[in-house]
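Below: one structure, written as structure tokens.
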Protein chains: 4
Amino acid sequence: MLARSSLPLSRFLSSSRSAHSVGFIGLGNMGASMASNLLSDGVSLKAFDLNKSVVEDLASKGASVTDKVEDMVDCETIITMLPSSPHVQGTVETLLSAGWSGKTWIDSSTIDPIISKSLGEALEAEGKGKIDAPVSGGVKGAAAGTLTFMVGGASSTLESVRPYLSVMGSNIVHCGSNGSGQTAKLCNNLAMAIQMVGTAEALNMGDSLGLDPKILAGIMNTSTSRCWSSDSYNPYPGVLDGVPASNNYEGGFGSSLMLKDLGLATSAAGAVKSATPLGNATKEIYTMMESMEMGGKDFGAVLQFLKGNCGNKKC
Amino acid sequence: MLARSSLPLSRFLSSSRSAHSVGFIGLGNMGASMASNLLSDGVSLKAFDLNKSVVEDLASKGASVTDKVEDMVDCETIITMLPSSPHVQGTVETLLSAGWSGKTWIDSSTIDPIISKSLGEALEAEGKGKIDAPVSGGVKGAAAGTLTFMVGGASSTLESVRPYLSVMGSNIVHCGSNGSGQTAKLCNNLAMAIQMVGTAEALNMGDSLGLDPKILAGIMNTSTSRCWSSDSYNPYPGVLDGVPASNNYEGGFGSSLMLKDLGLATSAAGAVKSATPLGNATKEIYTMMESMEMGGKDFGAVLQFLKGNCGNKKC
Amino acid sequence: MLARSSLPLSRFLSSSRSAHSVGFIGLGNMGASMASNLLSDGVSLKAFDLNKSVVEDLASKGASVTDKVEDMVDCETIITMLPSSPHVQGTVETLLSAGWSGKTWIDSSTIDPIISKSLGEALEAEGKGKIDAPVSGGVKGAAAGTLTFMVGGASSTLESVRPYLSVMGSNIVHCGSNGSGQTAKLCNNLAMAIQMVGTAEALNMGDSLGLDPKILAGIMNTSTSRCWSSDSYNPYPGVLDGVPASNNYEGGFGSSLMLKDLGLATSAAGAVKSATPLGNATKEIYTMMESMEMGGKDFGAVLQFLKGNCGNKKC
Amino acid sequence: MLARSSLPLSRFLSSSRSAHSVGFIGLGNMGASMASNLLSDGVSLKAFDLNKSVVEDLASKGASVTDKVEDMVDCETIITMLPSSPHVQGTVETLLSAGWSGKTWIDSSTIDPIISKSLGEALEAEGKGKIDAPVSGGVKGAAAGTLTFMVGGASSTLESVRPYLSVMGSNIVHCGSNGSGQTAKLCNNLAMAIQMVGTAEALNMGDSLGLDPKILAGIMNTSTSRCWSSDSYNPYPGVLDGVPASNNYEGGFGSSLMLKDLGLATSAAGAVKSATPLGNATKEIYTMMESMEMGGKDFGAVLQFLKGNCGNKKC
């Protein structure tokens, strides 16, 4: 865990720069907060998103804004926080074609690690640095500047942009070479999803056989089946306070987002012929939940799916 | 966590009893150590097992021994530690038919919770007390007297035999009514097995994509996929010292035993129509490992199965 | 395919017998029709079921009736058509205890093949013959006397009761020794269920990608994925006329019954450690359908489950 | 089923054409035979492949050859028979960039139907016709000119190139619009793979429980679990003559190729969020077989995998 700098980031950066330091592309729930934190720290930032109202909001916080990605051509650092691999690919292609003069690309999107690696190679072939730096910590972590970054890429590239990451997050883990940040995130989320479904199966089975879910969770959490999905994010309503399961599965990490990550994870595993039988079974469970219109619920809602409480609006 | 008594158990028990206090049936790796601990604590104990050499060993430690279960007819407390449901059923039937005059039956075997419940009802119909008290902690815990007992049954029955349990274990968890101890153990082991396979899938996937297993385990263990199978029993060789994975999967909890517990768990879940899709998929993985002659390896060897390193003697 | 006798069965049987020839136990939808066919053919038959109205109906057709299984003690042949293994076990025990003087037991229930085998051994130890003879053909086949019997047991035993089977069915397949009739039925139904789900997955996937289900079914049915579930019982509404899928999944083979058979099949496979990964996954799908109150629908309704149309009354 | 023309195809085609009629790209086991059949029928053909010896062989049969795809720029019809989506994408891009002056593209590769559809749209935007026309029938069908083509695309486009397809195959099925040929093939192969694994599970389970595989196959093939994988391609050695299972799983449809098709099928299903739980489970089984070096065996070898006979050279 790295301590955040107690001084504004701007002190560490050249003040003589004529162009904007950072071009930030992708201002969704996560990206907008990350960009805001950079602005608060004094970073000179140019912002782009297709959503005009989000862009205007950032402008009011001091960002320069643009409606064309090509206008980022002279930003020294580009940060992307985009929904899928093709979006990131397209953005890299657009800026390289436009003659991007900057030095470093930070991709914080969660995308296919194999594509991420190839984008890194393409950028390096042009003499640029690139790190993949997907995050965990959710919308709350993004707002608070306490994200964890899982970073793939050269150490020197990471060090050159560490000040930015330190503003947006509180934990920076160097996972290895180009692409390995994406791999780490997907491996973590694959395992987390499997653990959530396994925890839900055990709690539901115990419940069906007459065992109190709170008692069972207490046993599991002090025994060999303890895991984050059980001890910190328990999917059975009422076992823990302040988690989505105790709030009708509102908030939290949506089942649709988990399905997206499971799709990326199993696709990457498939590309290298690495067997993930439970990962694939879990992906199919979340696919069925999506079909039953449970995608907007927290991913712990798999417990309700197992109980047959699909909450399907189509029924 | 209950403190073990610092005084010999015998102090707490009537010294005027003419018959043996405890009849202990089933002296495998676990049972023999548990019985030894009772003997060391001064309990008057009669022992039975089909394996003569084990019985003789206990005799040398002060046990009375017998080659007929019926000879336990006047033991006040019966403890069973047997391999499967039919063994326990047969023993209960035999002793009830023989006119067992005792009071309390402690079944520490891991068996079907539905059968366990029905045995409890049969014993209660005869005016006897019964608790199911399966254990965790393994052979080491049995030898050290530090087992965890997951207890189902009436509180009064549990209290009447707590001194014996306190000699054999250091943690006694009352899970609920008759049968719920078995349910708790099977739920825990179901979730544990799923987590182990999920951990192995994530580590193997990361490895296949070029990520160092130690680095990935470090990330998982401080993130949302942390679990006992990753942080305390990691299945990737070399990530942790002193675990079976770092010793060619020798020792530990055998894959065949896990398969047995998964069979009990999925059978119990099936009986109440509680869906355990990952539990069943995991059971099938351990079935295939059994077919490939990996049953004697620790259950973390699923990582090698996923890699295609079956170590099959038939090949 | 055996031709049914054109003469009444009674001609083949001793007319001098003082006791009833056949004791028929279990008069559900299937059993009542089977018993009726025997009565129509002139068989002297004593009937038992807990459901009084069914028993009275058979009495009106000429059956002797009883409200105690023990009253079958002098029936030469016993036929059981019961819902589960414990029912059959209990009936065998009751009649053996009562000193059953008959010769041959025909068990047409679908039960665990390992239990079926052990019942055969128990009966043979008493000098009795036993065949397991589960059926296919459904309620229609039972009414029409066109069932298929899958028979396990000694050839001589089969031949001794073939006339009865020929009245109730039109196809008698000798599968092998004691228990193998049950095994054959469960293997068939396991494979059938997997094929149904696979067919539904393919049709749903094609549909989702814009391919007309009738065109796709036509291709599958003339290609390497043709199967009974596709060409004779297609689960997509409107592809075939006269099948449950084209009648809101009414009639046909209920999903709950399929779940029961999948439970028996996977349990038997588990007992001999034979891996059935898709069989277990299929069982879990039907378990979830049961939780979503789809158990009364034909088993082809899995196509609607995959589409997220659970029709759950709980929603 | 369409009758093949009894006259050489050349009679139907313009003889005044200055350029080669057909550019054939991709001369693997399938493509080389398909191109040979066109040559034998008098088609003017230019051939390309990276494998020089295959190209030379076609040259000796009358083909014009080239070592640059761009040289196909004036071929009226392009036929591609390539191993994966990126190969086809790259070829389309190359020829469009080079100013291809032809009219119709026939893609007989098996690729992602969504990519296939987008390639069709790209070609149509340039005023070209495109059909996807993947095949079944294997190497034997390619050599004999008896392939089945599953065709997606406009009817008029199909009709314009039907004479070529009729030379290479004996069955042409129009599945629907652009992309639907690929979808049909993948749906068929998904269902076929599931049926094969299901058949293998049932046969192995029966065998494990003492039932003769030939007897069981006989029952299945006349009952509700009959399917092509059982009645025409049975995976149990010795049940059928002349199938791969009776020849040590040599020849036939390799497990690696099935894995490739399952990857395409589940990826396409995933893209439209269509649940394929058994399809994904089957893909993982073939992934594990690949890890155990069984990829070169016919896909019926899954029966040996289930038995634990992996034949792994690594062991």
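Per chain, numbering begins at 1; letters A, B, ... match sequence-line order. Computed from heavy atoms alone, side chains included, the values below leave out hydrogens, waters and symmetry copies.
In terms of heavy-atom pairs under 4.5 Å with chain C, the best-connected choice from D:C175, D:P113, D:A269 is D:C175. Among D:L203, D:L211, D:I219, the residue making the largest number of heavy-atom pairs under 4.5 Å with chain C is D:L211. The choice from C:D231, C:T276, C:I215 that makes the most heavy-atom pairs within less than 4.5 Å of chain D is C:T276. Comparing C:G198, C:S136, C:C187 by how many heavy-atom pairs each has under 4.5 Å with chain D, the most go to C:C187. Heavy-atom pairs under 4.5 Å with chain C were tallied for D:T224, D:I285, D:L190; the largest tally goes to D:T224. Counting heavy-atom pairs under 4.5 Å between each of D:S232, D:S223, D:S177, D:G176 and chain C puts D:S223 at the top.
Heavy-atom distances place both the backbone and the side chain of C:A268 under 4.5 Å from chain D. Only the side chain of D:M150 comes within less than 4.5 Å of a heavy atom of chain C; its backbone N, CA, C and O stay farther away. Neither the backbone nor the side chain of C:A200 comes within contact range of chain D; no heavy atom of the residue lies under 4.5 Å from a heavy atom of that chain.
Among all heavy-atom pairs drawn from D:L306 and C:P277, the shortest one is CD2-CD, 3.8 Å. When all heavy atoms of D:S274 and C:N204 are compared, the closest pair comes out as OG-ND2, 3.3 Å.
Atom CG of C:N29 is surrounded by 12 or fewer heavy atoms from other residues, nucleotides or ligands within 6.0 Å.
Of the residues listed (C:N189, C:N188, C:I194), the one engaging D:S225 in a side-chain contact (heavy atoms from CB on, under 4.5 Å) is C:N188, and it is the only one.
Taken to the nearest 0.5 Å, the CE atom of D:M192 stands 12.5 Å off from the SG atom of C:C227. Atom OG1 of residue C:T183 and atom CG of residue D:D212 lie 12.5 Å apart, to the nearest 0.5 angstrom.
Side-chain N/O atoms of C:R226 and D:S229 include no donor and acceptor closer than 3.5 Å.
C:V272 places none of its side-chain heavy atoms less than 4.5 Å from the side chain of D:M205. No side-chain heavy atom of C:L209 sits under 4.5 Å from any side-chain heavy atom of D:S180.
D:E201 contributes a side-chain N or O that, together with a main-chain N or O of C:L278, makes up a donor-acceptor pair within less than 3.5 Å.
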